[in-house]
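Only one structure is covered here, and it is reproduced in the block below.
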Number of protein chains: 2
Amino acid sequence: MDRAISVKLSPSLKASCHTCSLSNLCLPLAVDENQLDRLEDIVEQGRIYDRGDHLFDQDAPFRSCLAVRSGAVKTSIITENGSEQVTGFFLPGELVGLDSLSGERYACTAKALERTSVCRFPIEKLEELTSAMPELQHHMYQLMSKEIRSGHQLAMLLSKNSAEERIAALLLSLSSRFQRRRMSGTKFNLPMARSDIANFLGLAVETVSRVFTRFQNQGIIRTQGREIELLDTESLRGVMPEFNRQAP
Amino acid sequence: MDRAISVKLSPSLKASCHTCSLSNLCLPLAVDENQLDRLEDIVEQGRIYDRGDHLFDQDAPFRSCLAVRSGAVKTSIITENGSEQVTGFFLPGELVGLDSLSGERYACTAKALERTSVCRFPIEKLEELTSAMPELQHHMYQLMSKEIRSGHQLAMLLSKNSAEERIAALLLSLSSRFQRRRMSGTKFNLPMARSDIANFLGLAVETVSRVFTRFQNQGIIRTQGREIELLDTESLRGVMPEFNRQAP
DNA sequence: TACCCAGATTGATTTATATCACGCTTGTAG
DNA sequence: CTACAAGCGTGATATAAATCAATCTGGGTA
């Protein structure tokens, strides 16, 4: 139903930003049409990952940032005692790995939530290119800055808001991000499991379930497994007053 | 009458990174000795702020990032309904405003927690300079990436850890950051009020008080107002197993 | 087809921390 | 010196969400 964006995977290793339907969301966004070749020169076409596959692992040598082409990705950090914290969900056009730019190793693990394809930007080449292209450098600063901000938003959510408010906020965030991709903002598939939502929002799975059914009973949403329809986004926004714009 | 107050402000607007004692912590860290002039050329000496003064205000036009020279700063975001979320504390050598690089306006308000002086890096000039100096660009990426990471750490703390664990983590973070400044890591003054700590960590002030006294009774710390002494950092680390390094 | 099992839901109970209410200290202004 | 407010500490109570404990569901597969 929502096949709005179909990514054509070229067999060659080199990806074509020129023809990519995500070029208005992804890094090419910041690059002038006639300079796009330079970005294409450094980007590598990644393979296709199945649900559950790791795109990279925490503590593995850091090589490149990834742009999601299709599918969905979750990132999480694992502590020595083995507990996991989901740190983000990434949709097509979004850049994964910005938190790892400050070390030799990946700061988190990235996992495909569904069948996913990516483009890789090797970090040395990317840095060289951003040095040479001020607009691209500016864009990188913007992306990272936004990620810092959405971290602050999340902290706010976690420390000040109830379970219902947190979940409303997440649903609205996903909604607006799907919309940016020209997909329905009111009816979509949640790419992640309830337990990922719970982990990300600092809740127990049971609480997530309960809130979903409560929202459903109030006629605000309709869910069936991972399918979800936002029936009354105004009420959702009412549950969660703050939270307007927010897309990584 | 002519014994006018002589403030330690150099009359010139230009600051000297060459002679600054923080040059091994701050931006100069990434710049070669013989290139330092170029950084000095763009940095502006800011004024001195008293406790409570705003260094900049949320939604004001974004002009520059600030490096703390002396004192301490807290940043916070205010939502439409007026509730505040403290998003960070900044000590000398640390850079404030990285979350604002992605817009025309400051994403948060920065307030002096005590008498504070700063250096200002006008953003256009900083971006120009980082384009010209790959090492400085690299350093900016590192700083921002670290800030993203510490956001993740905070999210983890807020969603998985108890009041005691959160406070232990904050104390250890401050301790290690003071130590980097060649100050005691075991005996220092908390620059912020209990209410700031509470807000930052998603707790009620009362809870912060209680945990402080509990720690004191267990002989882990000694507090008297804002003075604090960490008597048993091992126990503190035991309270909060994860959380080793973390300095913005 | 029937079975299995991970994920999801629902209900009952517990618990950490917020909230409410109050007293104590300290620093500053009159 | 006194007064006052802001910050801090402490006790009693309320509550949202965690935890514990079943049960249900549906997609994959033997």
Side-chain angles (χ1 to χ4, degrees), chain A residues 50-52 72 74 83-86 111 113-115 156-171 189-218 221-228 239-240, chain B residues 50-52 72 74 83-86 111 113-115 156-171 189-218 220-229 239-240:
Chain A
D50 281 318
R51 176 190 286 204
K74 86 164 185 199
S83 87
E84 179 185 19
Q85 170 70 44
V86 174
K111 211 172 182 180
L113 289 169
E114 50 193 56
R115 186 156 253 257
M156 173 121 191
L157 214 55
L158 293 176
S159 73
K160 304 252 180 308
N161 295 108
S162 68
E164 293 199 351
E165 291 164 333
R166 296 181 210 182
I167 288 171
L170 177 62
L171 292 180
N189 276 5
L190 293 168
M192 72 293 282
R194 297 286 188 276
S195 56
D196 292 324
I197 295 177
N199 187 303
F200 180 63
L201 295 176
L203 298 169
V205 218
E206 295 92 328
T207 305
V208 174
S209 266
R210 281 187 249 271
V211 170
F212 270 51
T213 52
R214 219 176 300 155
F215 281 171
Q216 180 143 268
N217 293 339
Q218 294 170 234
I221 64 172
R222 202 193 52 71
T223 42
Q224 154 87 312
R226 293 192 177 189
E227 289 171 39
I228 187 163
V239 169
M240 181 64 246
Chain B
D50 280 319
R51 177 190 285 204
K74 89 166 181 195
S83 87
E84 180 184 17
Q85 170 69 45
V86 174
K111 212 172 182 177
L113 289 168
E114 50 191 57
R115 186 155 252 258
M156 174 121 192
L157 214 53
L158 293 176
S159 73
K160 305 253 181 306
N161 295 108
S162 68
E164 293 199 353
E165 291 163 334
R166 296 181 209 183
I167 287 172
L170 177 62
L171 293 179
N189 276 6
L190 294 168
M192 71 295 281
R194 299 282 189 277
S195 56
D196 291 325
I197 296 177
N199 186 303
F200 181 64
L201 295 177
L203 299 169
V205 216
E206 295 93 327
T207 306
V208 175
S209 269
R210 280 187 249 271
V211 170
F212 270 51
T213 50
R214 219 176 301 155
F215 281 171
Q216 180 143 265
N217 294 338
Q218 294 170 235
I220 297 176
I221 65 172
R222 202 193 53 72
T223 43
Q224 152 89 311
R226 291 191 178 190
E227 289 170 39
I228 187 163
E229 187 169 6
V239 169
M240 178 67 246

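The sequence lines fix the lettering, A, B, ..., with proteins before strands; numbering per chain opens at 1. In this text, all values refer to a predicted model and were calculated from it rather than measured experimentally.
- Map Arg210(B) and Val208(A) each onto its nearest nucleotide of DNA chain D; the residue landing nearer the 5' end is Arg210(B).
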Donor-acceptor pairs under 3.5 angstrom involving side-chain atoms of residues 190-198 of chain A: please list them, not counting sequence neighbours.
| unit_1 | atom_1 | unit_2 | atom_2 | d |
| --- | --- | --- | --- | --- |
| Arg194(A) | NH1 | Gly225(A) | O | 3.4 |
| Arg194(A) | NH2 | Gly225(A) | O | 2.7 |
| Asp196(A) | OD1 | Lys74(A) | NZ | 2.8 |
| Asp196(A) | OD2 | Ala193(A) | N | 3.4 |

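- Using a 4.0 Å heavy-atom criterion, one finds that Thr213(B) contacts the sugar-phosphate atoms exclusively.
- For the pair Glu114(B) CD and dG7(D) P, the computed distance is 16 Å after rounding to whole Å.
- For Arg226(A), the side chain to side chain donor-acceptor pair (under 3.5 Å) test picks out no residue, with sequence neighbours left out.
- Annotation: side chain of Gln216(B) is in contact with side chain of Arg222(B) (closest heavy-atom distance under 4.5 Å).
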Nucleotide N/O to protein N/O under 3.5 Å, stretch nucleotides 21-30 of chain D:
none

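- Here dA17(D) presents its P atom at 16 Å from NZ of Lys160(B), a figure rounded to the nearest Å.
- Within the helix from dT1(C)-dA30(D) to dG30(C)-dC1(D), the inter-axis angle between the opening and closing five-pair segments is 30°, rounded to 10°.
- In this structure, the side chain of Glu164(B) does not engage the main chain of Val239(B) through any donor-acceptor pair within 3.5 Å.
- From the 5' end on, the contacts that DNA chain C makes with chain A at under 4.0 Å to a non-hydrogen atom open and close at dA8(C) to dA12(C).
- For the segment residues 192-202 of chain A, residues with any heavy atom less than 4.0 angstrom from an atom of DNA chain D are, sorted by number, Gly202(A).
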